[in-house]
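Notes follow once the structure below has been shown.
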Amino acid sequence: QVQVVESGGGLVQPGRSLRLSCTASGSSFGSYDMAWYRQAPGKQREFVARITRLHSANVADSAKGRFAISRDNAKNTVYLQMNSLKPEDTAVYYCNVEPPGLYHYWGRGTQVTVSS
């Protein structure tokens, strides 16, 4: 029911930055935890960052110090600021909407390619 759309991916050179956006439909955005995951070719989907409904954020060790997650409830949007990008960051980045309960909503992903 909740529609999730990621945007902002693209091809960038190592060391550059990207900011991903994820918008979710509905009127209860502020009650949801929001998270970013990524999946590289041949690998399992892995956690990248989460920001809770209380604006508490955590970032995976692989992105610690480089990535930051934030949210703008007025825009129903969560952001992933990615700095100092590395080739290892290449993946499809997925937004996960986590309302109360067990049912989560996934976007279709946005491709991030970090290459020279």
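All figures in this text were calculated on a predicted structure; none of them were measured in a lab. FYI, side chains are in, hydrogens and waters are out, and symmetry mates aren't considered; it's all heavy atoms of this structure.
Counting heavy atoms from C-beta outward, Ser28 and Pro99 have side chains that stay 4.5 Å or more apart. Side chains of Glu6 and Cys95 form a contact here, defined as non-hydrogen atoms less than 4.5 Å apart. Side-chain contact check for Pro14 versus Lys86: every heavy-atom pair is 4.5 Å or farther apart. Contact check for Met34 versus Phe29: side-chain heavy atoms found under the 4.5 Å cut-off. Between Met82 and Leu20, the closest side-chain pair of non-hydrogen atoms falls below 4.5 Å. For the pair Ser56 and Ile51, the minimum side-chain heavy-atom distance is 4.5 Å or more. Tyr93 has its side chain out of reach of Gln111: every pair of non-hydrogen atoms, C-beta onward, lies at least 4.5 Å apart. Counting heavy atoms from C-beta outward, Ile69 and Val78 have side chains that approach closer than 4.5 Å.
Residues Tyr37 and Arg50 have side chains that bring a donor and an acceptor to within less than 3.5 angstrom of each other. Using a 3.5 Å distance cut-off with no hydrogens or angles, the side chains of Arg38 and Ser62 do pair a donor with an acceptor. Between Asn83 and Ser17, the side chains place a donor N or O and an acceptor N or O closer than 3.5 Å (distance only, hydrogens not considered).
In this structure, Leu80 and Ala49 approach most closely via the heavy-atom pair CD1-CB, 4.1 Å. Closest heavy-atom contact between Gly26 and Asn76: O-ND2, 2.7 Å. Between Lys43 and Gln39, the shortest heavy-atom distance links the atoms O-NE2, 3.1 Å.
For the pair Ser25 (side chain) and Gln3 (backbone), a donor-acceptor distance under 3.5 Å is present. The main-chain N or O of Arg53 is found under 3.5 Å from a side-chain atom of Asp33 such that the two form a donor-acceptor pair. In this structure, the side chain of Asn96 does not engage the main chain of Ala35 through any donor-acceptor pair within 3.5 Å. The main-chain N or O of Val114 is found under 3.5 Å from a side-chain atom of Thr90 such that the two form a donor-acceptor pair.
To the nearest 0.5 Å, the span separating OG on Ser115 from CG on Leu11 amounts to 6.5 Å. The distance from atom CZ of Arg19 to atom CD of Gln81, rounded to the nearest 0.5 Å, is 7.0 Å. With rounding to the nearest 0.5 angstrom, the OG atom of Ser21 is 14.0 Å from the CZ atom of Arg71.
Taking hydrophobic clusters as Ile, Leu, Val, Met, Phe, Trp and Tyr residues chained together by side-chain heavy-atom distances below 4.5 Å, Leu18 does not share a cluster with Val92. With hydrophobic clusters built from ILVMFWY side chains whose heavy atoms lie under 4.5 angstrom apart, Val59 shares a cluster with Trp36. Put simply, Tyr32 and Leu54 are part of two different groups of oily side chains (I, L, V, M, F, W, Y) that touch within less than 4.5 Å, one to the next. Each of Phe67 and Tyr79 belongs to its own hydrophobic cluster when Ile, Leu, Val, Met, Phe, Trp and Tyr are linked at side-chain heavy-atom distances under 4.5 angstrom. Under the 4.5 Å side-chain contact rule for hydrophobic residues, Trp106 and Phe47 share a cluster.
Figure legend: Arg45 and Tyr94 shown as a cation-pi pair, the cationic atom lying under 6.0 angstrom from the six-membered ring centre and within 45 degrees of its axis.
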